[in-house]
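Structure, as structure tokens:
Throughout, residue positions are numbered sequentially from 1 according to the sequence presented.
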Amino acid sequence: MAVRPATGGKVLTLDTLVRLRRGLHAPAAPRRLPVPDGMTTPLGCDAVAVPARFGPLLMPRLPRVGCVYADETHWWWLVPSDSDYALEWPAPAQYATGAIVPDAPVAPDLIHRPEGELPYTPPIPLYLALCRVTGTTPIWSRPISA
């Protein structure tokens, strides 16, 4: 099917119209959480996202809090790269390799910046605090099946 303008000009096919429509609703490009100026990431940078309702419960349970970002729905903690190695982060947490925030129209706001040059929250205390608030048994404490 083609649509021909009454005054001449370019013919628009159904394929062209569909392609144009999809272009209007293209998904947002993934955004990386920005590391604040003056901070370095010698160990690379990933992030752990949790629903916003857990954020205030986790903060006081952590011995050191690195950079934390938040919006209305999630809080993100920067952790060293590969902090998911041999760990199953408890649901509803999401591990974001490269500190990429998918489907975010704008980057979340930085709500906590630590002293010093390193933006990281230590991953093991974060994992344990998250297990505690979600009622999840840490992976190394689960029974082994034969």
Side-chain angles (χ1 to χ4, degrees), residues 3 5 9-146:
V3 177
K10 190 172 185 175
V11 175
L12 297 176
T13 65
L14 185 56
D15 288 341
T16 303
L17 293 172
V18 168
R19 204 170 25 252
L20 288 171
R21 173 115 173 115
R22 286 183 183 155
L24 292 175
H25 301 290
R31 296 188 182 276
R32 184 178 308 272
L33 293 172
V35 175
D37 290 339
M39 299 194 113
T40 62
T41 55
L43 303 175
C45 201
D46 291 344
V48 176
V50 299
R53 70 182 182 273
F54 291 121
L57 301 173
L58 292 171
M59 292 288 271
R61 296 176 182 267
L62 298 170
R64 180 185 192 281
V65 178
C67 288
V68 180
Y69 300 81
D71 63 18
E72 303 83 35
T73 60
H74 290 90
W75 285 30
W76 289 264
W77 276 264
L78 291 186
V79 294
S81 290
D82 301 323
S83 292
D84 61 336
Y85 181 75
L87 281 182
E88 291 176 23
W89 287 86
Q94 298 173 344
Y95 192 84
T97 302
I100 303 279
V101 180
D103 302 326
V106 296
D109 295 325
L110 178 66
I111 62 168
H112 183 269
R113 178 188 170 140
E115 297 290 327
E117 297 178 0
L118 298 176
Y120 306 124
T121 295
I124 298 301
L126 177 60
Y127 172 81
L128 291 171
L130 190 55
C131 285
R132 180 81 169 173
V133 300
T134 60
T136 305
T137 302
I139 188 119
W140 53 78
S141 296
R142 295 180 191 157
I144 298 174
S145 61

Check for a donor-acceptor pair, side chain of [X] on one end and backbone N or O of [Y] on the other, with a separation under 3.5 Å.
X	Y	value
Arg64	Tyr120	yes
Asp46	Val79	no
Asp71	Thr73	yes
His112	Tyr69	no

Flag the pair Arg61 / Val133 as yes when at least one side-chain heavy-atom distance between them is below 4.5 Å, and no otherwise.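 They are in side-chain contact.
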Heavy-atom side-chain contact between Trp77 and Pro123 under 4.5 Å: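 Trp77 does not reach Pro123 side chain to side chain.
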Using salt bridge (charged side-chain N to carboxylate O under 4.0 Å, His left out) as the criterion, list what pairs up with Glu88, not counting sequence neighbours.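 Glu88 satisfies salt bridge (charged side-chain N to carboxylate O under 4.0 Å, His left out) with Arg142 once adjacent residues are dropped.
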Shortest non-hydrogen separation from [X] to [Y] and the atoms involved:
X	Y	value
Ala52	Glu72	CB-O, 3.7 Å
Glu117	Gly38	CG-O, 3.9 Å
Gly66	Pro114	C-CD, 3.6 Å
Ala86	Ile139	O-CG2, 4.0 Å
Cys67	Leu110	CB-CD1, 4.0 Å
Ser83	Tyr95	N-OH, 2.9 Å

For the residue pair Tyr127 and Trp140, does the interplanar ring angle fall in the parallel (under 30°), tilted (30 to 60°) or perpendicular (over 60°) class?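 It falls in the tilted class, 30° to 60°.
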Could you go step by step and tell me if His74 and Val101 meet the side chain to side chain contact (heavy atoms under 4.5 Å, CB included) rule? CA-CA 10 Å; His74 290 90; Val101 180; over 6 Å; no
Mind checking the [atom1]-[atom2] spacing from [X] to [Y]? Nearest 0.5 Å is all I need.
X	Y	atom1	atom2	answer
Asp82	Leu43	CG	CG	10.0 Å
Leu78	Arg113	CG	CZ	11.5 Å
Arg132	Phe54	CZ	CZ	14.0 Å

Among Val50, Thr121, Val65, find the one that has a side-chain contact (heavy atoms from CB on, under 4.5 Å) with Leu126.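 The option that passes is Thr121.
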Where do Thr136 and Leu130 land on the side chain to side chain contact (heavy atoms under 4.5 Å, CB included) test, with the steps shown first? CA-CA 8 Å; Thr136 305; Leu130 190 55; over 6 Å; no
